[in-house]
Amino acid sequence: MTNHKSNTVNLITGGAGFLGSHLIDKLMAKGEEVICIDNFFTGTKNNLIQWLGNSSFELIRHDITKPITLEVDKIWHLACPASPIHYQFNPIKTAKTSFLGTYNMLGMAKRVGAKFLLASTSEIYGDPEVHPQPESYRGNVNPIGIRSCYDEGKRIAETLSFDYKRAHNLDIRVARIFNTYGPRMLPNDGRVVSNLIMQGLRNENMTLYGDGQQTRSFCYVDDLINGLIKLMNANTNGPINLGNPKEITILELAKIISKKLNISENFIFKDLPQDDPLQRKPIILEAKNKLNWSPLVNLDKGLENTINYFKNL
Ligand code: NAD
Ligand code: UDP
């Protein structure tokens, strides 16, 4: 559908959060119309302050587990807490957001014929036994553990998306996002990059879970957002991995951050949380071939930007 101005109208669920607000910045800069829905569980109006009052931007306080009626062209479905401490705070609510929230947004997409992009996650691979992870890997997820509300939530969200495509010919996109970091992560968000930087800046010990030998592959936020936009505009449904394939251990990450902050290495080792994946690295051949996308910002530069952001908070 089109609105009276015949501009594209974008709905971003979870747009007051870390990734959503960066996506909104990009779409607004392109001159598009943006509606943001958020219940402010982990997002804040501060992330959107630059757009409040702009006639192309609307902010709606709404919980996506409840239906809502809007006329839009593209739905970027990001609403869901992403950090383990936040999605485990109320796991039943996380499962409801993943299932009912996605169901409501798919229903809206079907009614108005909008394109629909789901922000899925590398967590659907669980603690992977195949390394690195291609999209064809079906994963190793514990269905009853403390991460399940999120992991299984995203898996059912993918299932729903593909069933809407099969049943109603909906134009869907599924992005499997790997660990992403950058400015606007919450300082108390619990994810490793923000935790280690904040601990370093406060001269506290950096908390390393387990022996710090587990790996992750960190993608800078600007790269990830470019990937999401390319995926929405491409002629492919996915699922498609979006992430930076440069893999490092958490101990290495802590050492790099210590060096960048110019502080000595002060690490305290704590128990590894249940089901914490031991290794994670995306294969991004699909994104390279189908989207002509690969990450451009290296960890050095990305961490510098992120550290500067936290210093200026
Ligand atoms: P975030 O917590 O910063 O943002 C999530 C946003 O959704 C917040 O603004 C929050 O208030 C909102 N929200 C949560 N539940 C809601 C509900 N029921 N109704 C309305 N709004 C709700 O997280 P993020 O890092 O920006 O992640 C965005 C999306 O990307 C999530 O779906 C997440 O699963 C996915 N993802 C992120 C990463 C990452 O590394 N950042 C990795 C994989 C997947
Ligand atoms: N982690 C850590 N110290 C922290 C926070 C996290 O060692 O203060 C570890 C965590 O156990 C995991 C990795 O860092 O192995 C990434 O954690 P994060 O919560 O950022 O993301 P996810 O586990 O969802 O990939």
Side-chain angles (χ1 to χ4, degrees), residues 12-24 36-45 47-48 60-66 68 76-88 90 93-98 100-102 104-105 117-124 127 147 150-151 153-154 157 175-182 184-186 189-199 204-221 224-225 228 241-243 248-251 253-254 267-280 282:
I12 289 88
T13 74
F18 165 47
L19 296 183
S21 63
H22 283 279
L23 173 63
I24 288 175
C36 168
I37 292 182
D38 206 293
N39 69 350
F40 302 119
F41 175 48
T42 51
T44 87
K45 277 187 204 165
N47 287 339
L48 298 169
I60 303 173
R61 182 190 288 263
H62 175 78
D63 187 319
I64 55 150
T65 58
K66 306 276 183 279
I68 184 170
W76 310 73
H77 179 38
L78 276 69
C80 184
S83 146
I85 56 165
H86 287 133
Y87 72 65
Q88 288 165 19
N90 184 345
K93 177 71 193 220
T94 300
K96 281 175 76 178
T97 296
S98 302
L100 286 177
T102 305
N104 286 330
M105 292 306 121
L117 181 146
L118 171 70
S120 184
T121 169
S122 53
E123 290 283 332
I124 67 110
D127 188 6
R147 294 176 87 99
Y150 182 75
D151 299 8
K154 290 289 183 178
R176 289 188 181 150
I177 303 172
F178 284 64
N179 297 65
T180 302
Y181 70 100
R184 298 195 189 143
M185 294 182 91
L186 289 174
D189 163 290
R191 286 184 268 196
V192 69
V193 173
S194 43
N195 262 14
L196 300 188
I197 294 176
M198 289 310 296
Q199 288 161 346
E204 294 166 4
N205 290 329
M206 291 185 181
T207 49
L208 300 186
Y209 303 156
D211 57 8
Q213 291 306 317
Q214 70 271 36
T215 68
R216 294 292 187 273
S217 308
F218 295 97
C219 185
Y220 188 63
V221 61
L224 194 277
I225 300 301
L228 289 182
N241 288 342
L242 292 178
I248 62 168
T249 66
I250 298 305
L251 181 61
L253 176 73
F267 305 149
I268 178 171
F269 289 85
K270 300 205 162 178
D271 288 346
L272 190 69
Q274 186 198 10
D275 294 331
D276 199 287
L278 293 181
Q279 50 183 2
R280 179 180 293 156

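All ligand and atom numbering here is 1-based and tracks the order in the structure. Computed over heavy atoms, backbone and side chain alike; hydrogens, waters and symmetry mates excluded.
- At a 4.0 Å heavy-atom cut-off, the residues surrounding ligand 1 are G14, A16, G17, F18, L19, D38, N39, F40, F41, T42, G43, H62, D63, I64, L78, A79, C80, P81, A82, T97, A119, S120, T121, Y150, K154, I177, N179, T180, R191, listed by chain and number.
- Salt bridge present: R147 and D276 bring a charged side-chain N and a carboxylate O closer than 4.0 Å.
- An N or O contact shorter than 3.5 Å is missing between Q199 and ligand 2 by distance.
- Taking every non-hydrogen atom of N179 and a distance limit under 4.0 Å, the qualifying atoms of ligand 2 come out as 21 (O), 22 (P), 25 (O).
- With a 4.0 Å cut-off on non-hydrogen atoms, K270 does not touch ligand 2 at all.
- Those atoms of ligand 2 that come under 4.0 Å of a heavy atom in N195, given as number and element, are 4 (C), 5 (C), 8 (O).
- Using a 4.0 Å cutoff on heavy atoms, M206 does not count as a contact of ligand 2.
- Each of the atoms 5 (C) of ligand 2 lies under 4.0 Å from some heavy atom of G190.
- Using the six-membered ring where Trp is involved, Y181 and F218 have ring planes that are perpendicular, over 60° apart on the 30 and 60° scheme.
- Classification of K154 and E123 as a salt-bridged pair fails, no side-chain N sitting under 4.0 Å from a carboxylate O.
- Between the choices Y209, F267, F218, the shortest heavy-atom distance to atom 5 (C) of ligand 2 belongs to Y209.
- When only interatomic distances are considered, the shortest N/O to N/O separation between V192 and ligand 2 falls below 3.5 Å.
- Using a 4.0 Å cut-off between heavy atoms, T207 contacts ligand 2 through both its backbone and its side chain.
- With contacts defined as side-chain heavy-atom distances shorter than 4.5 Å, the pair V193/N179 does not qualify.
- Residues T121 and I177 form no side-chain contact, since every pair of their non-hydrogen atoms from C-beta on lies 4.5 Å or further apart.
- With M198, H86, R147, R191 as candidates, the residue nearest to atom 22 (P) of ligand 2 on a non-hydrogen basis is R147.
- Not a single heavy atom of S83 lies less than 4.0 angstrom from ligand 2.
- Of all the atoms in ligand 2, the ones that sit under 4.0 Å from a non-hydrogen atom of L208 are 7 (O).
- Side-chain contact check for H77 versus I64: some heavy-atom pair is nearer than 4.5 Å.
- Ion pairing between a basic and an acidic side chain is recognised when a charged N comes within 4.0 Å of a carboxylate O; D63 and K93 show such pairing.
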